[in-house]
Amino acid sequence: MLLSWNTTNQCNLYCDHCYREAGCKVEDELSTNEAKELLREAVKAGFRLFIFSGGEPLMRPDILELTAYAVQVGLKPVFGSNGTLLTPELARELKKAGAAAIGISLDSMDPGRHDALRRKEGAWEKAVAGMEACRAAGLPFQVHTTVFDWNRFELEKITDFAVRIGARGHHFFFLVPTGRAKSLEEESLRAEQYEETLERILTRQQQVPIELKPTCAPQFMRIAKQMGLDLRYGRGCLAGIAYALVNPRGEVQPCAYLPLSLGNVREIPFSRLWAENEDLKRLRSMEYGGGCGCCAFKKVCGGCRARAYYYHGDYMAEEPWCLYHGRKGF
């Protein structure tokens, strides 16, 4: 199970697609002691993988202390970062503190296109330098790419680059229109594009030595089974089932891209919220609407609950961008 914490809303970039609408630090972000309580509660709830994300988590001054504390209480700390602040010294310090891995964003092999999306000239070069710093420090890293209609045909090139630079994986984040990404909805993939792109990723997985993992595109599990591939993942959409997110102020969401507040960890201990919240119980019921409800693959796919919420206003509704709607269940 994975718990992600937006450590801060502060970020040194202002990316067009940011679901958190990060930039400036917000008032009343969780303190160091409150963060440690969250880490303890994550363990109590049964989580083992803890994701420090943001904003930009490396801008939080206590991040090394919290990384070491996560290890101390029995968690495996990993990071989601834009990579531009990863100096060789910081990479070594993160490794020493116990960081298990770090995901670094790279959205194009064209530096200009990446920098335009990230609203920062030189962001591509600094992200790549961050990867090289991790490699030198022995800190495992993977490449994260947000998939749009304009970059979907260069995904293989980015994968090849990830292999060359020493990444252990390449994860593909399929755009969900939330936060600032609402303005980019027209650049998100549609059903036929999803299907074709996921097939290409799964075909490429058989040709490269690193892990390729789609995110926010749970249909990859159905396509993998149709292709006869045996993946190690148990399910596509994990929202509220094996994944949750805590924002900088302590509000809990079923998923980073599903802006539904389940409660605040300052008022309700996370372990109790995870066990008792009614929205989470509904998500775990798998009583989906439309084609998702009768789909033969609903147990391994589940449809993207965040995308259903954006387009239908109901997180249990039918996934809008899927070619397999209406098939009968097991």
Side-chain angles (χ1 to χ4, degrees), residues 1-13 15 18 20 22-45 47-106 118 120 123 126-144 165-169 171 244-250 252 256 265-266 270:
M1 299 204 303
L2 303 85
L3 180 59
S4 180
W5 173 40
N6 294 142
T7 59
T8 179
N9 203 67
Q10 188 176 10
C11 190
N12 61 321
L13 303 183
C15 305
C18 182
R20 182 52 57 206
C24 296
K25 182 179 180 180
V26 295
E27 293 183 7
D28 208 24
E29 295 184 349
L30 294 184
S31 67
T32 300
N33 286 337
E34 288 173 325
K36 289 181 177 180
E37 175 64 17
L38 174 61
L39 293 168
R40 293 191 294 269
E41 281 290 309
V43 173
K44 189 175 180 180
F47 287 81
R48 290 296 175 265
L49 189 64
F50 194 92
I51 306 169
F52 290 98
S53 66
E56 174 49 56
L58 301 182
M59 297 189 76
R60 189 167 169 123
D62 58 0
I63 197 63
L64 293 173
E65 178 183 352
L66 293 176
T67 301
Y69 190 78
V71 175
Q72 181 182 327
V73 298
L75 291 167
K76 183 178 181 180
V78 298
F79 285 75
S81 171
N82 62 48
T84 62
L85 302 178
L86 267 168
T87 63
E89 180 183 7
L90 181 53
R92 290 193 295 269
E93 290 176 340
L94 285 166
K95 172 74 173 177
K96 183 178 179 180
I102 186 161
I104 300 175
S105 299
L106 198 75
R118 302 279 164 178
K120 185 73 170 180
K126 289 181 178 179
V128 171
M131 296 177 196
E132 293 170 341
C134 288
R135 182 180 61 192
L139 175 60
F141 69 95
Q142 58 196 34
V143 174
H144 289 175
I165 202 168
R168 73 172 191 177
H171 288 205
L245 174 131
V246 181
N247 80 8
R249 289 176 165 144
V252 180
V265 298
R266 285 175 165 145
F270 176 79

What closest approach, in Å, do [X] and [Y] show between heavy atoms, and which atom pair accounts for it?
{"X": "Ala70", "Y": "Pro77", "value": "CB-CB, 4.1 Å"}
{"X": "Cys134", "Y": "Phe141", "value": "CB-CD2, 3.7 Å"}
{"X": "Ala35", "Y": "Trp5", "value": "CB-CH2, 3.4 Å"}
{"X": "Ser105", "Y": "Ala127", "value": "O-CB, 3.9 Å"}
{"X": "Pro140", "Y": "Arg168", "value": "CB-CD, 4.1 Å"}

Verdict with supporting geometry, Leu58 and Asn82, side-chain contact (heavy atoms from CB on, under 4.5 Å): CA-CA 9 Å; Leu58 301 182; Asn82 62 48; over 6 Å; no

Determine yes or no for a side-chain-to-main-chain donor-acceptor pair under 3.5 angstrom, with [X] supplying the side chain and [Y] the backbone.
{"X": "Asn6", "Y": "Gly54", "value": "yes"}
{"X": "Arg60", "Y": "Thr7", "value": "yes"}
{"X": "Lys76", "Y": "Val71", "value": "no"}
{"X": "Asn9", "Y": "Gly55", "value": "no"}

Side chains of [X] and [Y]: does their closest heavy-atom pair fall under 4.5 Å?
{"X": "Leu38", "Y": "Leu3", "answer": "yes"}
{"X": "Arg266", "Y": "Glu34", "answer": "yes"}
{"X": "Ser4", "Y": "Val246", "answer": "no"}
{"X": "Val252", "Y": "Leu245", "answer": "no"}
{"X": "Lys96", "Y": "Leu64", "answer": "no"}
{"X": "Leu139", "Y": "Ile102", "answer": "yes"}

Ring pair (Phe, Tyr, Trp, His ring centres under 6.0 Å): pairs with one or both residues in residues 61-84, sequence neighbours excluded: Phe52-Phe79

Nearest-0.5 Å distance, [atom1] of residue [X] to [atom2] of residue [Y]:
{"X": "Leu2", "Y": "Ile51", "atom1": "CG", "atom2": "CD1", "value": "5.0 Å"}
{"X": "Asn12", "Y": "Arg118", "atom1": "CG", "atom2": "CZ", "value": "10.5 Å"}
{"X": "Ile63", "Y": "Thr32", "atom1": "CD1", "atom2": "OG1", "value": "9.5 Å"}
{"X": "Ile104", "Y": "Leu86", "atom1": "CD1", "atom2": "CG", "value": "5.0 Å"}
{"X": "Leu30", "Y": "Thr8", "atom1": "CG", "atom2": "OG1", "value": "10.0 Å"}
{"X": "Glu93", "Y": "Thr87", "atom1": "CD", "atom2": "OG1", "value": "7.0 Å"}

Under-4.0 Å salt bridge between [X] and [Y]:
{"X": "Lys36", "Y": "Asp62", "result": "no"}
{"X": "Glu37", "Y": "Arg40", "result": "yes"}
{"X": "Glu27", "Y": "Arg249", "result": "no"}

Ser81: side-chain hydrogen bond (donor to acceptor under 3.5 Å, both in side chains) partners, not counting sequence neighbours: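 For Ser81, the residues satisfying side-chain hydrogen bond (donor to acceptor under 3.5 Å, both in side chains) (neighbours in sequence not counted) are Glu56.
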
Trace of the side-chain contact (heavy atoms from CB on, under 4.5 Å) decision for Cys15 with Lys120: CA-CA 8 Å; Cys15 305; Lys120 185 73 170 180; over 6 Å; no

Residues Ser31 and Asn33: side-chain donor-acceptor under 3.5 angstrom: no

Side chain to side chain contact (heavy atoms under 4.5 Å, CB included) partners of Val128, counting only residues at least two apart: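 For Val128, the residues satisfying side chain to side chain contact (heavy atoms under 4.5 Å, CB included) (neighbours in sequence not counted) are Leu106, Trp124, Glu132, Phe161, Ile165.
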
